[in-house]
Number of protein chains: 2
Amino acid sequence: MQTMEPENSHPRRPTIKDVADRAGVTKATVSKYLNRAHGYAMAASTRERIRAAIQELDFQPSPLARGLSRSATSTIGLVVADIRSQFYPDLVASIQAAAEAAGYTLVLGSSGDDPDRELDIIRSMAHRRVDGVVLVAVRSESDHIDYLRRRGIQIVLASRDLPELVADTVVVDSLAGGRAATRHLRELGHRRLAHVAGEATVKPFADRRRGFELETADLGGDGSGLPVEVAASTIDGGRAAAHRLLDVAEPPTGVFFASDTMALGGLMACADLGLRVPDDVSIVGFDNVAVGQLPGIGLTTIDSDAVRVGEQATELLLKRMLAPADADADPILVTRPAELVVRTSAAPPR
Amino acid sequence: MQTMEPENSHPRRPTIKDVADRAGVTKATVSKYLNRAHGYAMAASTRERIRAAIQELDFQPSPLARGLSRSATSTIGLVVADIRSQFYPDLVASIQAAAEAAGYTLVLGSSGDDPDRELDIIRSMAHRRVDGVVLVAVRSESDHIDYLRRRGIQIVLASRDLPELVADTVVVDSLAGGRAATRHLRELGHRRLAHVAGEATVKPFADRRRGFELETADLGGDGSGLPVEVAASTIDGGRAAAHRLLDVAEPPTGVFFASDTMALGGLMACADLGLRVPDDVSIVGFDNVAVGQLPGIGLTTIDSDAVRVGEQATELLLKRMLAPADADADPILVTRPAELVVRTSAAPPR
DNA sequence: CTGTTAGCGCATTCAA
DNA sequence: TTGAATGCGCTAACAG
């Protein structure tokens with residue numbers, strides 16, 4: 001019904017046809033120019049005319065059309081558990097940067113750490129024909145992975161590995177990190193130790209806990225081991241767990257938290273209970289989030305090298321995407337070293 | 001060259017044609033079923049057959065194909081200055097949630113606070129035919145906006161307004177916030193005040209500074225006004241500015257920082273200089289980032305209501321997108337109230 | 001109420 | 001070395 005006056009309507013982007021006409025060739029030729037990576041099989045003169053036409057028209061191929069006919073969209077999906085987490089910024093930023101540098105656009109999904117929503121997101125991304133997916137710290141069951149793989153979509157897991165190695169994975173060495181954190185507390189002289197663990201189903205959390213247990217096997221007189229509280233990896237989760245741990249007769253003097261996020265909750269709990277850190281209780285976290293270095297926090301922690309994990313994960317993904325030939329090669333696992341970062345939240349017991 | 005054995009290749013997703021065949025109708029009819037919002041103009045029996053076919057085939061329309069023919073992709077672009085910033089998590093999360101709830105997928109771009117890269121990103125998004133764009137705290141010049149608008153892409157600005165109201169905008173009241181922060185310091189008894197401002201070209205920063213100046217017009221004996229340092233809105237920027245401000249003979253006893261991020265840098269500077277907060281110097285920030293509430297930080301600040309800003313921005317955008325009719329209606333500006341959050345970083349001067 | 005026809009913009013055979 | 005024809009999967013006229 002609306003009589004669209006040409007002056008009024010949005011300017012139509014030039015199409016490959018416009019370029020072809022202007023260069024005096026056909027769409028097919030232009031398409032070859034575009035895709036054959038400036039291969040040699042074209043007359044120099046036509047190539048030049050096409051180049052000029054593209055330039056003059058400011059033509060850029062439509063990603064949509066290209067995607068439809070090629071079934072590839074120069075897009076990669078990024079699925080995270082919760083963007084709000086203190087831990088992601090570096091990881092996400094480095095993935096974003098690496099993807100963009102390689103000419104890919106990032107599509108973002110946040111699962112809220114819920115496996116069902118995670119699958120929805122993965123489905124939707126598969127649908128939109130992303131060329132690859134980075135799964136960051138998500139609860140990916142193997143079926144999620146299979147779903148993607150069956151559709152020829154490459155995958156990489158970052159920061160959280162699965163019990164089985166079902167896809168390329170880049171993580172930090174949680175076992176070693178857990179041991180280092182615990183050893184640090186022991187070396188400071190603590191013997192009444194405790195651990196706030198993340199959910200047991202998350203492998204890195206399980207590893208960190210094992211690290212704690214290995215390094216304290218000789219402690220815990222009654223044979224039942226040292227106290228361990230399992231909590232959600234949130235500030236509140238850590239806070240509650242710390243309350244349970246510390247609000248007792250003879251509280252531990254050193255606590256190793258499975259994540260900095262939880263450790264921050266631990267700091268709050270100490271404040272709640274009137275305990276001073278590190279005078280009354282020493283705290284060690286895991287991840288080395290940015291806020292840990294603030295004065296007044298000074299969180300001793302394990303650096304999980306988020307930037308490098310993100311970069312390397314993206315590298316691996318791109319490699320798979322570009323080499324569909326050996327895309328079926330066995331998945332590889334990259335375990336990056338975990339390093340202790342000493343600050344002020346842990347000190348010798350009084 | 002590769003002889004693709006059917007068993008080996010990825011299972012082809014069912015298309016609208018498959019559904020049509022199975023239901024004994026044509027593609028067009030299925031398409032109507034899909035788009036006419038289950039309108040009344042269809043025989044109940046065919047509708048049922050189509051429904052069944054879709055269900056049995058687990059069919060979902062290809063977003064790519066749909067996008068190509070409709071020129072709309074159920075996608076919205078999110079452009080941020082820097083994902084790493086302490087300030088975004090809530091904002092981004094709420095935008096992501098709102099978009100997803102409305103059935104839109106989020107495409108993420110990070111400009112590094114660089115206008116050129118920002119334009120690149122916007123171009124790329126326009127190209128990918130996003131239906132709308134949320135610009136978060138970016139340096140959007142009017143041309144960026146025009147570029148999008150000319151292509152019929154709706155826009156909303158969140159958290160940073162521009163000198164002219166060129167698009168729907170949702171921000172917090174920076175002027176009032178700046179005044180409240182300053183007044184709080186004065187009411188505590190401070191008279192030697194200073195301000196660490198953000199870049200003058202960013203309107204909210206300019207407003208916060210003006211708020212500071214309005215509330216301190218009677219101070220600054222020599223008529224030149226109270227000291228103001230301009231800094232980049234980063235931790236390091238705030239730290240450096242605070243050094244310049246505090247490492248003098250008679251330093252201010254109260255400093256208002258234009259952002260929490262900078263205020264955190266200020267905290268570090270105080271630690272560097274051996275100044276105690278709030279004993280020697282009181283600090284007030286702006287934004288109410290999550291870490292501000294940690295014990296050991298306790299940052300007094302102005303809440304900028306990131307979650308609501310994000311939600312409302314997304315709402316506005318979706319409304320524009322769905323009502324192309326009055327898409328040309330004048331842009332509206334939503335200014336949300338700024339509220340003082342009192343913690344421990346500001347106290348009466350000694 | 002449903003089917004026919006023609007695109008959307010590009011890639012890709014196969015001929016010429 | 002280039003062109004013609006066909007398809008990617010879906011939507012949108014217009015008929016019937």
Side-chain angles (χ1 to χ4, degrees), chain A residues 1-2 4 9-10 12-50 53-54 57 59-74 126-129 151-152, chain B residues 1-2 4 9-10 12-50 53-54 57-74 126-129 131 151-152:
Chain A
M1 185 89 315
Q2 323 163 353
M4 275 288 184
S9 80
H10 305 301
R12 200 178 53 79
R13 300 248 347 146
T15 75
I16 200 173
K17 179 72 166 60
D18 300 322
V19 174
D21 289 350
R22 189 172 240 271
V25 295
T26 59
K27 301 187 304 181
T29 309
V30 177
S31 178
K32 275 161 202 152
Y33 172 91
L34 256 23
N35 299 299
R36 295 283 203 270
H38 293 221
Y40 301 147
M42 182 154 21
S45 68
T46 49
R47 180 181 309 155
E48 170 51 24
R49 285 186 349 258
I50 293 177
I54 288 180
L57 262 36
F59 165 82
Q60 289 185 261
S62 151
L64 240 44
R66 183 172 264 188
L68 186 56
S69 67
R70 285 206 311 207
S71 260
T73 55
S74 292
H127 239 148
R128 288 179 183 277
R129 286 219 162 320
R151 283 166 180 69
Chain B
M1 187 87 315
Q2 324 162 353
M4 275 289 184
S9 79
H10 306 300
R12 200 178 55 79
R13 301 251 342 147
T15 76
I16 199 174
K17 178 74 166 62
D18 300 324
V19 175
D21 289 349
R22 188 171 240 271
V25 295
T26 59
K27 299 187 307 179
T29 309
V30 178
S31 178
K32 274 161 203 152
Y33 172 91
L34 255 22
N35 300 301
R36 296 283 202 270
H38 293 221
Y40 300 148
M42 181 153 23
S45 68
T46 50
R47 180 181 311 154
E48 169 52 21
R49 287 193 338 265
I50 293 177
I54 287 180
L57 263 36
D58 185 26
F59 164 83
Q60 289 184 260
S62 151
L64 240 43
R66 182 173 265 186
L68 186 57
S69 67
R70 285 207 310 206
S71 264
T73 54
S74 291
H127 234 158
R128 288 180 183 276
R129 287 221 161 318
D131 301 336
R151 283 166 179 69

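The chains referred to below are lettered A, B, ... by the order of the sequence lines, with proteins before strands, and numbering in each begins at 1.
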Where D131(B) and A72(B) come nearest, the two heavy atoms and their spacing
OD1-CA, 3.3 Å
Please find the pair of heavy atoms, one from T15(B) and one from F59(B), that lie closest to each other, and give the distance.
C-CE1, 3.5 Å
Roughly how far apart are Q60(B) CD and I16(B) CD1, rounded to 0.5 Å?
13.5 Å
With a 4.0 Å cut-off on heavy atoms, is [X] in touch with a base, just the backbone sugar-phosphate, or nothing at all?
X	value
T26(B)	base
S71(B)	nothing
V25(A)	sugar-phosphate

Spacing of [X] atom [atom1] relative to [N] atom [atom2], expressed in whole Å:
X	N	atom1	atom2	result
R47(B)	dT2(C)	CZ	C1'	14 Å
D18(B)	dC10(D)	CG	C1'	13 Å
Q60(B)	dC10(D)	CD	C1'	15 Å
K17(A)	dA6(C)	NZ	C1'	16 Å
L57(A)	dC10(C)	CG	P	11 Å
I50(A)	dT2(D)	CD1	P	7 Å
L64(A)	dG7(C)	CG	C1'	15 Å
R66(A)	dG7(D)	CZ	C1'	17 Å

As a test of reading the structure: which of [options] is closest to the side chain of [X], going by heavy atoms?
X	options	value
A28(B)	dA12(D), dA11(C), dT2(C)	dA12(D)
N35(A)	dT11(D), dG9(C), dA11(C)	dA11(C)
A43(A)	dT2(D), dA11(C), dG9(D)	dT2(D)
K32(A)	dG3(D), dG9(C), dC10(C)	dG3(D)
K27(B)	dA4(D), dT11(D), dC10(C)	dT11(D)
A65(A)	dT2(C), dG9(C), dG9(D)	dG9(C)
P61(A)	dC10(C), dT11(D), dG9(C)	dC10(C)

At under 4.0 Å, does any side-chain N or O of [X] touch on OP1 or OP2 of [N]?
X	N	result
S69(A)	dT12(C)	no
R70(B)	dC10(D)	no
S31(B)	dT11(D)	yes

If you assign G24(B) and F59(A) each to the DNA chain C nucleotide with the nearest heavy atom, which residue ends up on the more 5' nucleotide?
G24(B)
Hey, which sits more toward the 5' end of DNA chain C by its nearest nucleotide, R129(B) or T29(B)?
T29(B)
Side chains of R128(A) and S74(B): closer than 4.5 Å at any heavy-atom pair?
yes
Are Y33(B) and I54(B) close enough, and set up right, to give a side chain to side chain contact (heavy atoms under 4.5 Å, CB included), and what steps lead you there?
CA-CA 11 Å; Y33(B) 172 91; I54(B) 287 180; 3.6 Å; yes
Please confirm whether the backbone N or O of R129(B) pairs with a side-chain atom of T73(B), one donor and one acceptor, at under 3.5 Å?
yes
